Trainee: 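First, the structure itself, so that you have it in front of you.
The structure presented is a predicted model; accordingly, all values stated were derived computationally and were not measured. Heavy atoms only: backbone and side chains are in, while hydrogens, waters and symmetry mates are out.
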Amino acid sequence: MGTDPKHIVILGGGFAGVYTARYLEKLLPPEQASITLVNRENYWVYQPMLPEVISGSIGLTNVVSPIRRFCPRTNLVMRDVEDIDLRNQVVTISPGFLPRQLELKYDRLVIALGNVTNFYGMPGLIENALPFRTLADAMVLRNHLIHVLEEADVEENPEQRRKLLTFVVGGGGFSGVEVMAELNDFVHAVKKNYLRLRHEPHRCVIVQAGDRILPEMSEHLAVFAQKILRKRGVEILLNDRLFSATSERAILKSGTEIPCKTLISTVPSALPPVLQKLDCAKERGRLVVNTALELKDWEGRVWALGDCASIKTVAGKAVPPTAQHAIREATAAAINIAASLRGGKRAEFAFEGLGTLGSLGHGAAVAQIFGIKLSGLVAWFLWRCIYLMKMPGWNRKIRISTDWLLHMLFPPELAQTKVALEYGIKNQHFEGGDIVFRQGDLGDNVYVIQEGECEVLREKDGSQELLATLGRGEYFGEMAVLSDRTRNATIRARSAMNVLIIPKHDFNKLRESVPAFGEAFSELAKGRAVGGPAHSSIGALSTQELP
């Protein structure tokens with residue numbers, strides 16, 4: 001064409017983001033457009049089957065598909081989105097191994113970042129409730145269930161054992177019901193492996209704010225689902241919701257308290273922080289778009305899809321956040337992006353939905369397809385067939401079919417997959433000559449020297465000036481963290497050096513929680529900035545400001 005290819009940036013690797021990239025690959029040749037997708041993980045999760053990871057009826061990695069294989073022509077950036085500058089058409093990406101942000105210039109932008117769990121105004125939930133949105137969440141929950149069963153098996157106190165064997169799910173929509181159904185089936189199946197729990201009852205509770213579960217379905221099917229779950233021992237508390245929590249109990253809005261060690265929350269949700277601060281129109285916590293899925297006031301340049309967007313069909317009906325709608329949104333957006341680059345007919349989003357499906361576990365489900373309502377074993381079989389057919393790739397289809405067959409023939413796997421905990425504050429070793437960080441890097445950590453020495457160097461006019469030499473018991477790096485600026489000097493190990501690294505998040509928590517700690521570092525920073533005495537183990541290091 002004689003011009004450089006346009007750069008299309010897609011934010012988010014859910015159904016909407018990944019399918020937009022996939023369709024754009026088909027519509028636009030490489031000489032017309034280059035595509036970049038930014039996502040925290042390098043895989044896409046097949047969300048409808050995620051609850052089955054809990055019970056082990058589907059293998060952990062069989063519900064995911066590598067984005068690089070699913071979208072072979074798309075450049076994947078596996079980082080977080082930190083800022084979106086709509087006016088200058090720049091997306092800022094979080095640092096990787098090196099503490100430096102990445103800026104992506106775009107010609108067209110697709111925002112499909114979904115939403116996040118929001119516990120604002122709900123004390124204790126962020127510390128004690130387990131979210132269920134990602135593959136990591138499913139893995140954490142499965143490990144947690146096995147852990148509480150192991151603890152219950154050795155617990156002598158009957159009250160504490162009952163607490164360990166109580167499981168509460170906040171939210172009675174599809175996600176909450178399917179999670180509870182799989183959890184209940186799993187606990188029932190594996191309790192026989194614990195000598196002291198074989199005849200011990202467990203308690204499962206769903207807390208739903210409305211007057212019935214599954215508000216997305218007809219009342220007839222929702223009532224059927226309630227009967228099935230209650231028959232299997234699941235308690236359903238209606239017209240109530242989670243209010244707060246401690247490590248020992250869930251507290252409901254009505255004042256009811258449920259002693260438990262397992263609290264799972266599937267609601268509420270909100271825009272990710274990067275979208276909350278975005279300067280654009282919002283409606284009920286979502287980005288406002290037109291029927292072409294273009295962001296209001298940024299038509300022709302920015303599109304928003306999926307759970308983060310307030311989307312209506314041509315008929316004016318609000319679009320639910322389901323996979324079938326997200327895939328159709330991706331198709332419409334890809335057509336419109338291609339039309340904005342090369343001309344052609346544009347598409348309007350008009351998909352009203354084919355129906356809804358919900359699994360109740362243990363050979364039961366509810367389905368509403370083309371107006372036909374089904375329940376029980378037939379609906380369960382239909383649920384599995386439809387989602388298996390929609391799973392992309394024969395590789396995954398065969399793996400999932402095999403998992404289901406093996407799950408029918410053999411008892412659930414009980415092994416706990418322990419993941420090494422990554423503690424915030426950690427130790428690190430440097431050899432002489434190693435660079436700890438460079439001038440211009442982001443201020444992401446504070447460092448305390450345990451053994452050895454380092455040099456503080458400032459680069460100016462192509463040369464390096466030695467500002468100070470620091471030794472055991474001294475610390476550095478707090479200036480950039482306190483001021484939220486980039487490093488103004490380079491730190492190089494002078495000899496073999498062991499340091500304690502305190503990440504910015506943990507450092508700020510200590511400052512907020514222990515006033516004396518924060519005051520000491522603030523005084524140190526002031527002393528360094530003005531060249532006065534620094535009230536710390538460093539003493540009066542230099543009349544220059546250190547990083």
Trainee: Do Thr36 and Thr74 have side chains that get closer than 4.5 Å, going by heavy atoms?
Mentor: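 They are not in side-chain contact.
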Trainee: Taking atom NZ as the centre, does Lys296 end up with more than 12 heavy-atom neighbours from other residues, nucleotides or ligands that are less than 6.0 angstrom away?
Mentor: no
Trainee: Given salt bridge (charged side-chain N to carboxylate O under 4.0 Å, His left out), test Glu283 with Lys312 step by step and report yes or no.
Mentor: CA-CA 12 Å; Glu283 180 181 69; Lys312 292 183 173 62; 3.1 Å; yes
Trainee: Just wondering, do Cys308 and Leu275 contact through their side chains at under 4.5 Å, heavy atoms?
Mentor: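 Yes, side chains in contact.
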Trainee: Is it the case that the side chain of Asn39 and the backbone of Gly12 share a donor-acceptor pair, with hydrogens and angles ignored and the cut-off at 3.5 Å?
Mentor: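 Pair absent, no side-chain N/O of Asn39 close to backbone of Gly12.
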Trainee: Answer with yes or no whether the side chains of Thr166 and His202 bring together a donor and an acceptor at under 3.5 Å.
Mentor: no
Trainee: More than 12 foreign heavy atoms under 6.0 Å from NE2 of His144: is that the case here?
Mentor: yes
Trainee: So, for Gln47 and Phe15, which heavy atoms are closest and what is the spacing to 0.1 Å?
Mentor: N-CE1, 3.9 Å
Trainee: Contact between Gln368 and Ile372 at the side-chain level, heavy atoms closer than 4.5 Å - yes or no?
Mentor: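 No, side chains not in contact.
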Trainee: Can a donor-acceptor pair be found between the side chains of Asn395 and Arg399 at a distance below 3.5 Å?
Mentor: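 Yes - a donor-acceptor pair under 3.5 Å links their side chains.
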Trainee: Would you say the rings of His188 and His362 are close, in the sense that their centroids are separated by under 6.0 Å?
Mentor: no
Trainee: Which pair of non-hydrogen atoms, one from Val267 and one from Gly171, has the smallest distance, and what is that distance?
Mentor: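 What the structure gives for the nearest pair is CG2-CA, 3.9 Å.
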Trainee: If you look at every heavy atom in Leu388 and Met49, which pair is closest and at what distance?
Mentor: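 That would be N-CE, 3.7 Å.
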Trainee: Can you see whether Tyr194 engages Glu200 through a side-chain donor-acceptor pair at a distance of less than 3.5 angstrom?
Mentor: no
Trainee: Between Gly344 and Ala339, what is the shortest heavy-atom contact and its length?
Mentor: O-CB, 3.8 Å
Trainee: Could you tell me which residues satisfy salt bridge (charged side-chain N to carboxylate O under 4.0 Å, His left out) with Arg203, sequence neighbours excluded, listed by chain and number?
Mentor: Glu235
Trainee: Testing Leu135, Val63, Thr61, Leu76 for side-chain contact (heavy atoms from CB on, under 4.5 Å) with Tyr43, which one passes?
Mentor: Leu135
Trainee: Within the structure provided, determine whether Val9 and Val110 are in side-chain contact (heavy-atom separation under 4.5 Å).
Mentor: no
Trainee: Could you check whether any side-chain heavy atom of Leu37 comes within less than 4.5 Å of a side-chain heavy atom of Ile67, counting everything from C-beta outward?
Mentor: yes
Trainee: May I ask you to establish whether Arg384 and Trp404 are in a cation-pi arrangement, using a distance under 6.0 Å from NZ or CZ to the six-membered ring centre and at most 45° from the ring axis?
Mentor: yes
Trainee: Given Lys163, which of Glu248, Glu257, Glu155, Glu151 fulfils the salt bridge (Lys or Arg N to Asp or Glu O under 4.0 Å) condition?
Mentor: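 That would be Glu248; it is the only one of Glu248, Glu257, Glu155, Glu151 passing the salt bridge (Lys or Arg N to Asp or Glu O under 4.0 Å) with Lys163.
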Trainee: I would like to know whether Asp153 and Arg196 meet salt bridge (charged side-chain N to carboxylate O under 4.0 Å, His left out); could you show each step before the answer?
Mentor: CA-CA 6 Å; Asp153 192 52; Arg196 301 178 65 186; 5.4 Å; no
Trainee: Quick one: does Gln32's side chain get under 4.5 Å of Arg342's, heavy atoms only?
Mentor: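 In short, these two side chains touch, coming nearer than 4.5 Å.
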Trainee: With sequence neighbours left out, write down each residue that passes side-chain contact (heavy atoms from CB on, under 4.5 Å) with Ala270, or none if nothing qualifies.
Mentor: Asn118, Gln276
Trainee: Once you measure the plane-to-plane angle for Tyr19 and Tyr23, does it fall in the parallel (<30°), tilted (30-60°) or perpendicular (>60°) bin?
Mentor: tilted
Trainee: For the residue pair Leu229 and Ile206, establish whether any side-chain heavy-atom pair is separated by less than 4.5 Å.
Mentor: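 Counting from C-beta outward, Leu229 and Ile206 do come under 4.5 Å.
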Trainee: Out of Ile236, Val187, Leu183, Val168, which one pairs with Cys204 under the side-chain contact (heavy atoms from CB on, under 4.5 Å) rule?
Mentor: Leu183
Trainee: Could you check whether the rings of Phe349 and His325 sit parallel, tilted or perpendicular, using 30° and 60° as the cut-offs?
Mentor: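 Rings of Phe349 and His325: tilted, 30 to 60°.
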Trainee: Can you find a heavy atom in the side chain of Leu252 that is under 4.5 Å from one in the side chain of Leu237?
Mentor: yes
Trainee: Can a donor-acceptor pair be found between the side chains of Asn115 and Arg133 at a distance below 3.5 Å?
Mentor: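 Side-chain D/A pair, Asn115 to Arg133: present.
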Trainee: For Ser34 versus His7, what's the shortest heavy-atom pair and its separation?
Mentor: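 Heavy atoms of Ser34 and His7 come nearest at OG-CD2, 3.4 Å.
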